[in-house]
There are 2 protein chains.
Amino acid sequence: MSIDKSKACLTLGQIEEWLKKAGVNATAQRLAICQFVLCQADHPTADDIKVWADDNFPKISLATVYNTLNTLVEAGLLREYCFPHSEKKIYDNNIVDHYHLYDEATHRLIDVSPEVVTVDHAKLKNANIKRADLILYGSILNEEK
Amino acid sequence: MSIDKSKACLTLGQIEEWLKKAGVNATAQRLAICQFVLCQADHPTADDIKVWADDNFPKISLATVYNTLNTLVEAGLLREYCFPHSEKKIYDNNIVDHYHLYDEATHRLIDVSPEVVTVDHAKLKNANIKRADLILYGSILNEEK
DNA sequence: GTTAGTGCAAATCCTTTGCAAGCCG
DNA sequence: CGGCTTGCAAAGGATTTGCACTAAC
């Protein structure tokens, strides 16, 4: 059901290249944030990232966390979402089109393949749909993928 | 494509009854807000309602607008949504399950029948889905319904 | 040395809250 | 009177901004 995240656990060197390729300077703070967001975090909020950074990096200000996230989103390296169950924005390192399932039992967000949902364009004849955002609410019955 | 809103244009007396039936006291402020939200407004924000109220009611404070909206949502008389294209909450007098289409040309939100979207539960075998929130982004090619 | 990036604090936006005053039975 | 509603102003949380400071080419 979930989508594999093949980007998981890159080396710092690989992250540096990945940033450069997108035209983003690889500063120490950005590398640290990327390492967390790409390899360890699962749909983190800006605050989650700040908490992690405080424990794992000499010093990063909240403003830098936000700046970095916005930079990465603009560069297309990260996706930003906002769902009804929380006011906070969440960041997703999966930049392939996909949907989400919010597991109400564990409060975790799970990536869902786009094939799970079909939009009947025939019933929307007079509309030109570019993009769809879907979130499912429910619970996972078991952990098998 | 859109869903008909059969509740449109109730009299004050009808709104009063409708509130009472839901266990909500019909104060002057609440009646005014309901009249706007049910009859004239199209997916308004709290601010839209305040602006209308300032022009059409002796005095309503912003706090009362928010209090009233929360009361109506809790009573199940109104639905509250939050979409990625705006930080503000929007209120919908259509309390039947449905989805939305955001028309990027006019910045209007259009109700979409749930039949337009199919969730393939077979592909989500290990999940128990209770609810889905979907928003489509695109544009309307013509205004015929 | 410039230019980009950072840190801090203040500012902003939307929404909620505390509390005194008003209204209605 | 007594409880529910109101209005106001202050507080709150998330994110952004202004600006001086630092760092890196």
Side-chain angles (χ1 to χ4, degrees), chain A residues 12 15-16 19-20 22-37 41 43-75 77-92, chain B residues 15-16 19-20 22-37 41 43-54 56-75 77-92:
Chain A
L12 281 180
I15 295 175
E16 205 171 331
L19 285 172
K20 292 232 167 91
V24 176
N25 282 357
T27 66
Q29 287 88 337
R30 287 177 181 168
L31 282 172
I33 291 174
C34 285
Q35 198 175 29
F36 178 60
V37 171
H43 300 100
T45 62
D47 219 60
D48 294 334
I49 295 166
K50 180 66 164 70
V51 168
W52 173 87
D54 285 344
D55 286 344
N56 295 274
F57 196 83
K59 184 143 219 52
I60 293 187
S61 75
L62 230 202
T64 297
V65 171
Y66 278 108
N67 285 342
T68 298
L69 290 171
N70 288 339
T71 300
L72 295 176
V73 170
E74 272 160 38
L77 301 176
L78 220 51
R79 290 233 180 145
E80 180 183 86
Y81 293 92
C82 169
F83 295 118
H85 60 272
S86 159
E87 315 285 81
K88 302 182 185 179
K89 294 177 182 169
I90 69 103
Y91 294 88
D92 197 334
Chain B
I15 295 174
E16 206 170 332
L19 286 173
K20 291 231 168 92
V24 176
N25 281 355
T27 67
Q29 286 88 337
R30 287 178 180 166
L31 282 172
I33 290 174
C34 285
Q35 198 174 32
F36 178 60
V37 171
H43 300 98
T45 62
D47 218 62
D48 292 335
I49 295 167
K50 181 66 166 70
V51 167
W52 174 87
D54 286 343
N56 294 273
F57 196 82
K59 185 145 220 46
I60 293 187
S61 75
L62 228 203
T64 297
V65 171
Y66 278 106
N67 286 341
T68 299
L69 290 171
N70 288 339
T71 300
L72 295 175
V73 170
E74 273 161 38
L77 301 175
L78 221 52
R79 291 232 179 145
E80 181 183 88
Y81 293 93
C82 170
F83 295 117
H85 60 271
S86 158
E87 314 285 84
K88 302 184 188 178
K89 294 178 182 170
I90 69 102
Y91 294 88
D92 196 335

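The chains referred to below are lettered A, B, ... by the order of the sequence lines, with proteins before strands, and numbering in each begins at 1. The shown structure was predicted, so the numbers you read here are calculated from the model rather than taken from an experiment.
In this entry the distance linking NZ of A:Lys59 with P of D:dC21 reads 17 Å, nearest Å. B:Glu87 places its CD atom 13 Å from the C1' atom of D:dG13, with the value rounded to the nearest Å. Summarising the geometry, the separation between CG on B:Asn70 and P on D:dC4 is reported as 18 Å, rounded to the nearest angstrom. Look at NZ on A:Lys89: it is 18 Å from P on D:dG13, rounded to the nearest Å. A straight line from CD of A:Glu80 to P of D:dA14 spans 15 Å, rounded to a whole angstrom. Rounded to an integer number of Å, the gap from B:Glu74 CD to D:dT5 P is 11 Å. Following rounding to the nearest Å, B:Tyr66 (OH) and D:dA11 (P) show an atom-to-atom distance of 19 Å.
Under the 4.5 Å side-chain criterion, counting only non-hydrogen atoms from C-beta, B:Glu80 is not in contact with B:Glu74. A:Leu31 has its side chain within reach of A:Leu19: a pair of non-hydrogen atoms, C-beta onward, lies under 4.5 Å apart. In this structure the side chain of B:Phe36 never reaches within 4.5 angstrom of the side chain of B:Asn56, judged on heavy atoms. Within the 4.5 Å cutoff, the side chain of B:Asp48 has no heavy atoms near those of the B:His43 side chain. Side-chain atoms of A:Lys50 and A:Asp54, non-hydrogen and from C-beta on, do get closer than 4.5 Å to each other.
From the 5' end on, the contacts that DNA chain C makes with chain B at under 4.0 Å to a non-hydrogen atom open and close at C:dC14 to C:dT17.
Nucleic acid contact class of B:Asp47 (heavy atoms, under 4.0 Å, all strands): none. Using a 4.0 Å heavy-atom cutoff across all strands shown, B:Ile60 reaches sugar-phosphate atoms only and no base atom.
In this structure, the nucleotide among D:dA14, D:dT6, D:dT5 sitting nearest to the side chain of B:Asn25 is D:dT5. When each of D:dT17, D:dT6, D:dC8 is scored by its nearest atom to the side-chain atoms of A:Asn67, the top-ranked nucleotide is D:dT17.
Every residue was checked against the salt bridge (charged side-chain N to carboxylate O under 4.0 Å, His left out) condition with A:Arg30, not counting sequence neighbours, and none meets it.
Considering A:Leu78, A:Asn25, A:Val24 as possible partners of A:Thr71, the one that fulfils the side-chain contact (heavy atoms from CB on, under 4.5 Å) test is A:Val24.
Using a 4.0 Å cut-off, no side-chain N or O of B:Thr64 falls inside it from OP1 or OP2 of D:dT5.
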